[in-house]
Amino acid sequence: MIVVYQENGWQIISQRAHGLLAGEICSHWKNENHPERWLETIIATAEHDDAYNEFDEDNVLLNENGGPVNFKMRNFEKEKCDKLISHALTKSRYITLLVARHIRFLYENEQDSVVKKYCAALQKKETGWMKEIALKAKDLTAAYSILEWCDALSLLICQGLIQPENRSIEISSGPDNKHYKLHSPERYVLNVNPWPFERDQFSVSYESRTISQLTFQNIGQFRNALMEATVDFHKFNFVKHNLAK
């Protein structure tokens, strides 16, 4: 989950809500740059974090002080990675390849030998899956770069990292290796430069929950507070630069 401290408490965005926002953003990518298996690319982007379910079975939710654990505080979890791959395999090899590539993107530079071994084994499986569906490595890399870019942008938005006074913040490099920057010319209006989307303007949204209690005795208490919290709806309008003036 994404945890943002605010004056009125903890703002919590679930991993699945963040993933859905990434999928929304992905759905607006320029038509001419769509991978051949476009729908599956959107699905993989929206579901790349779906093994994390704060409302049900996730037990890494509180730190030693009883506060909620932000996603950046979590380390490699084999069980979660296995679950992501298992779920993806029930849909398609292509989605599985994108999810596997994302796992390696997150963890393959870790120094832990167990993590390195896991990522190396996953890479070998990727080779077999690509052969099964006749997918070229360059096409997988191009498709994954869209997923990673949309993931990065979604995280910037959900973490409240949009800069004030129209200052820019770098998103990530897309499939064309360009450096994209995010601006906000006015509240709830976003601009990306260069513009990678099909339409000149569109809207995206996501949900969060705010909990006023700062510490919890156990995961059950936190989970109950999270489930009972009021849902807040956030909407942003993406507008191309020349229209945002």
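One-based numbering along the sequence shown. Remember, it's a predicted structure, so these values are computed and weren't measured experimentally.
- Heavy atoms from other residues, nucleotides or ligands lying under 6.0 Å from NZ of Lys178 number 12 at most.
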Salt bridge (Lys or Arg N to Asp or Glu O under 4.0 Å) between Glu40 and Arg37: does it pass, once the steps are laid out? CA-CA 6 Å; Glu40 290 169 274; Arg37 300 173 73 153; 2.8 Å; yes

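- Under the 4.5 Å side-chain criterion, counting only non-hydrogen atoms from C-beta, Trp149 is in contact with Ile171.
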Please report, to 0.1 Å, the donor-acceptor pairs under 3.5 Å made by any side chain of residues 61-69, with sequence neighbours excluded.
residue: Asn63; atom: OD1; partner: Asn65; partner atom: N; Å: 2.9
residue: Asn63; atom: OD1; partner: Gly66; partner atom: N; Å: 3.0
residue: Asn63; atom: OD1; partner: Gly67; partner atom: N; Å: 2.9

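- The two residues Val99 and Ala88 make their nearest non-hydrogen contact at CG2-CB, 4.2 Å.
- Taken to the nearest 0.5 Å, the CG atom of Leu190 stands 10.0 Å off from the CG atom of Leu156.
- The aromatic ring centroids of Tyr107 and Tyr118 lie 6.0 Å or more from each other.
- Nearest heavy atoms, Trp38 versus Cys26: CZ2-O, 3.0 Å.
- For the atom pair Cys81 SG and Leu122 CG, the distance stands at 8.0 Å (nearest 0.5 Å).
- Tyr52 and Ser14 share no side-chain donor-acceptor pair at under 3.5 Å.
- Few gaps surround NZ on Lys30; more than 12 heavy atoms of other groups in view lie less than 6.0 Å from it.
- Taking each heavy atom of Val204 and Phe202 in turn, the nearest pair found is CG1-CE1, 3.8 Å.
- Atom CG in Leu153 sits 8.5 Å away from atom CD1 in Ile162 (nearest 0.5 Å).
- Here Tyr5 pairs with Trp10 under the ring pair (Phe, Tyr, Trp, His ring centres under 6.0 Å) rule; sequence neighbours left out.
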Would you list the atom pairs, donor with acceptor, under 3.5 Å between side chains in residues 129-143 and any protein atom, with sequence neighbours excluded?
residue: Glu132; atom: OE1; partner: Arg93; partner atom: NE; Å: 2.6
residue: Thr141; atom: OG1; partner: Arg101; partner atom: NH1; Å: 3.3
residue: Thr141; atom: OG1; partner: Ala137; partner atom: O; Å: 3.0

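- Between Ile2 and Asn70 there is a side-chain heavy-atom pair separated by less than 4.5 Å.
- The shortest distance between side-chain heavy atoms of Tyr188 and Lys235 does not fall below 4.5 Å.
- Separating the CE atom in Met1 from the CD atom in Glu54 is a distance of 6.5 Å, to the nearest 0.5 Å.
- Annotation: side chain of Ser172 is not in contact with side chain of Tyr180 (no heavy-atom distance under 4.5 Å).
- Residues Ile211 and Leu226 are in side-chain contact: their nearest non-hydrogen atoms beyond the backbone lie under 4.5 Å apart.
- Atom NZ of Lys80 and atom CZ of Arg74 lie 6.0 Å apart (nearest 0.5 Å).
- Between the CZ atom in Phe236 and the CD atom in Glu24 there is a gap of 12.0 Å [rounded to 0.5 Å].
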Applying side-chain contact (heavy atoms from CB on, under 4.5 Å) to Gln159 and His18, what does each step give before you reach the verdict? CA-CA 10 Å; Gln159 292 178 95; His18 142 66; over 6 Å; no

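- Two different hydrophobic clusters hold Ile25 and Ile95 under the rule that ILVMFWY side chains link at heavy-atom gaps under 4.5 Å.
- Following chains of ILVMFWY side-chain contacts shorter than 4.5 Å, one cannot reach Ile13 starting from Leu20, and the two form parts of different hydrophobic clusters.
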Criterion side-chain contact (heavy atoms from CB on, under 4.5 Å) on Phe105 and Glu148, from CA distance to verdict: CA-CA 9 Å; Phe105 171 80; Glu148 189 275 325; 3.6 Å; yes

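- In terms of modelled atom types and a separation under 3.5 Å, the side chain of Asn237 and the main chain of Ser203 share no donor-acceptor contact.
- The shortest distance between side-chain heavy atoms of Asn75 and Asp112 does not fall below 4.5 Å.
- Closest approach of His183 and Ser168 over heavy atoms only: CE1-CB, 3.2 Å.
- What you find for Gln11 and Cys158 is that their closest heavy atoms are OE1-O, 4.2 Å.
- The two residues Thr45 and Cys150 make their nearest non-hydrogen contact at CG2-CB, 4.0 Å.
- Side chains of Leu97 and Tyr144 form no contact here, defined as non-hydrogen atoms less than 4.5 Å apart.
- There is no path of hydrophobic side-chain contacts, each under 4.5 Å, that joins Leu21 to Ile43.
- Remark: the His48 side chain and the Asp151 side chain contain an N/O donor-acceptor pair separated by less than 3.5 Å.
- Tracing side-chain contacts under 4.5 Å through hydrophobic residues (I, L, V, M, F, W, Y), one never reaches Phe71 starting from Ile219; they form parts of separate clusters.
- A 4.5 Å side-chain heavy-atom check between Ile12 and Val3 finds at least one atom pair inside the cut-off.
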